[in-house]
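This is a predicted model, so every value here is computed, not measured. Read the numbers this way: they start at 1 and go in the same order the structure lists the ligands and their atoms.
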Amino acid sequence: MTFTQLSAREIAQKVQAGELKASDMLEASLAQIRAVDGDFGSLDGQPTDPETDKKVHAFISLTEELAHAQAQAVEAKVAKGENAGLLAGVPVSIKDIFALENTDTTAASRMLYNYRAPYTATAVQKLIDAGALIVGKVNLDEFTFGSSNESSAYQPTSNNPWNPAYVPGGSSGGSAAAVAAEETPLSLGTDTGGSIRQPAAFCGVVGLKPSYGRVSRYGLIAFASSLDCPGPLARNVEDAALILQVMAGVDERDESSATLPVPNYLEALQQDVRGMRIGLSPDYAGIAYPNHATGEFEVIPVQEEIKQATLDAAEQLARQGAEIIENVPMPHTRYGIPVYFVVSRIEAASNLNRMDGVKYGYTVADARDLQDLYTRTRTEGFGLQPKLRILMGAYLSATSKKVNYYQLASKVRGMIRQDFELAFDPKGAYQLDALLTPTTPTTAFKRAEIFGDSVLMQYADQMTVSVNHAGLPAITVPAGLDKKNLPIGIQFIANHFQEETILRAAYAYEQSTLDAAWRKVRPMA
Ligand code: GLN
């Protein structure tokens, strides 16, 4: 086994014990990046042909110098016999949407191509303080707008390490690809509608979206402020628990961060699932897609192999003593995407107002006047997705409209939240501890197959988005491969701040399938 196959937990333990030097671990990670990543995403780059190009292209930039300094700091602590932290010597990649002092922070947009962050995001700082080595920034859909990575202004964007003809998912596609391709054991992503879980599922890794407020959003370039959540991508559940342990907690710089104490997530893994009530819902058996001609919803069933993997997981957990509750109604799930269209576009349009060519980032050089400066900066700086979303957000929130769409969507959002409240109510009819669902309706789609159809692309998030509306925690874990040898993900959802519950359930499932044949198949093989 090479160093890059070690889990984050194993690396940190070995580094602390003096069995592995942080700088050697860093070199191993950088060597793997050099071997498999190929050209990094850049503004002058072009998409590549998957027939001839098998590289991963997860990265936009490396932060080698910083990582070397961090490795030295860890080694100095170890030499003195001090505690070097829970992530001592663990290489971590960061979605390029987080501020990291004195490094380029692009959001994969021309608009921020020259933006060097003057400060560091709290979540990233906590990783550094725990001994992590930040090796670089990874690619994403521009401003996190997308589900395939293809809408990044930085090309080539990431391939799916299982098969370069397929997308890695998005928007944290670079994170998922980097973890699957063993470039870094951990990556930091963000999830507004599914952007951690969907790419994690597509790339066969673990992805955890914490409860809203569990991890600080300070230093994260905002997409939709009422939905955004930073969270980890990892190769196993224990590593996800480990990094969450480091990142979670109140932050005085983020008013919406939760003041609740942080439980011991690693300890929680040791508890089994006996007596845990895990629900299955028919409303997660398909995606409800509105037919524009008839106005009716049509239900397209989830890919058969994903459905089967979800049912198999339920059986597996039942054998371990969990109680499976079938037919839990989640009737408002079908409105998740339409509500998201309204809420996320209006919030995005508002958040992107600051990108005007005056404060930071891209500016046209020869503006005639202020109006010209704004117009041309935004025309040239933004790609298609930000433009579409700003237009839609502005249209939906126009005061001339008779309907207040944001208010209306917020009402329906309340109904979605209520589905979960009823399911998790300790005195209710279902009394669930967790809900088990597919993570995505299909496995990874082919490059260019859906790109260009913003609506269909958005529906890749139907199984994940309701969790963001309700502010709940959810985790996706690998649960097999389909006929095309592409990874399948299943999702556990729990009540507010019950990260321990989903970690326990996911860990129990993972441990019970360690010997499964599909686990022996590896990406990049
Ligand atoms: N795919 C979704 C979108 O395009 C979600 C993105 C996200 O979670 N950041 O908006």
Side-chain angles (χ1 to χ4, degrees), residues 94-98 107-109 138-152 157-158 167-176 187-203 207-210 212 215 217 220-233 287 336-352 382-393 396 409 439-442 444-445 450-476 489 491:
I94 307 285
K95 185 177 184 179
D96 204 9
I97 193 82
F98 287 94
S109 178
V138 282
N139 217 333
L140 60 146
D141 289 292
E142 184 172 358
F143 283 106
T144 84
F145 300 159
S147 307
S148 70
N149 249 246
E150 291 162 295
S151 48
S152 172
T157 62
S158 315
V167 302
S171 60
S172 310
S175 293
S187 192
L188 181 57
T190 60
D191 194 310
T192 305
S195 274
I196 289 175
R197 291 161 287 158
Q198 185 256 22
F202 277 14
C203 291
L208 171 65
K209 177 222 170 283
Y212 184 80
V215 176
R217 287 183 295 120
L220 159 67
I221 298 170
F223 165 8
S225 308
S226 74
L227 300 162
D228 292 344
C229 272
L233 294 93
I287 60 168
I337 295 294
V339 166
Y340 179 80
F341 256 103
V342 176
V343 172
S344 75
R345 267 56 174 184
I346 291 177
E347 293 187 17
S350 158
N351 278 323
L352 290 177
F382 284 133
L384 181 64
Q385 273 301 319
K387 281 181 186 152
L388 279 175
R389 293 183 189 221
I390 291 168
L391 281 173
M392 185 150 167
L396 288 167
T439 308
T440 54
T442 65
F445 30 86
I450 302 194
F451 191 54
D453 186 336
S454 301
V455 177
L456 196 56
M457 181 73 85
Q458 191 74 84
Y459 272 81
D461 295 328
Q462 172 131 39
M463 310 280 149
T464 49
V465 74
S466 296
V467 166
N468 299 75
H469 288 312
L472 302 176
I475 192 169
T476 178
Q491 170 176 246

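- By the 4.5 Å heavy-atom criterion applied to side chains, D141 and Q385 are not counted as neighbours.
- Within the 4.5 Å cutoff, side-chain heavy atoms of Y340 are placed close to those of T192.
- Listed by chain and number, residues touching ligand 1 at under 4.0 Å (heavy atoms only) are T144, F145, G146, S147, S171, D191, T192, G193, G194, S195, F223, Y340, R389, Q458, D461.
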Are T190 and D228 close enough, and set up right, to give a side-chain hydrogen bond (donor to acceptor under 3.5 Å, both in side chains), and what steps lead you there? CA-CA 7 Å; T190 60; D228 292 344; over 6 Å; no
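- Applying side-chain hydrogen bond (donor to acceptor under 3.5 Å, both in side chains) to S152 and the options T157, N139, D96 leaves one that passes, N139.
- Here the rule is side-chain hydrogen bond (donor to acceptor under 3.5 Å, both in side chains) with R197, and of T464, D191, T439 only D191 fits it.
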Trace of the ring-ring contact (aromatic ring centres under 6.0 Å, His included) decision for F223 with F143: CA-CA 7 Å; F223 165 8; F143 283 106; 9.3 Å; no
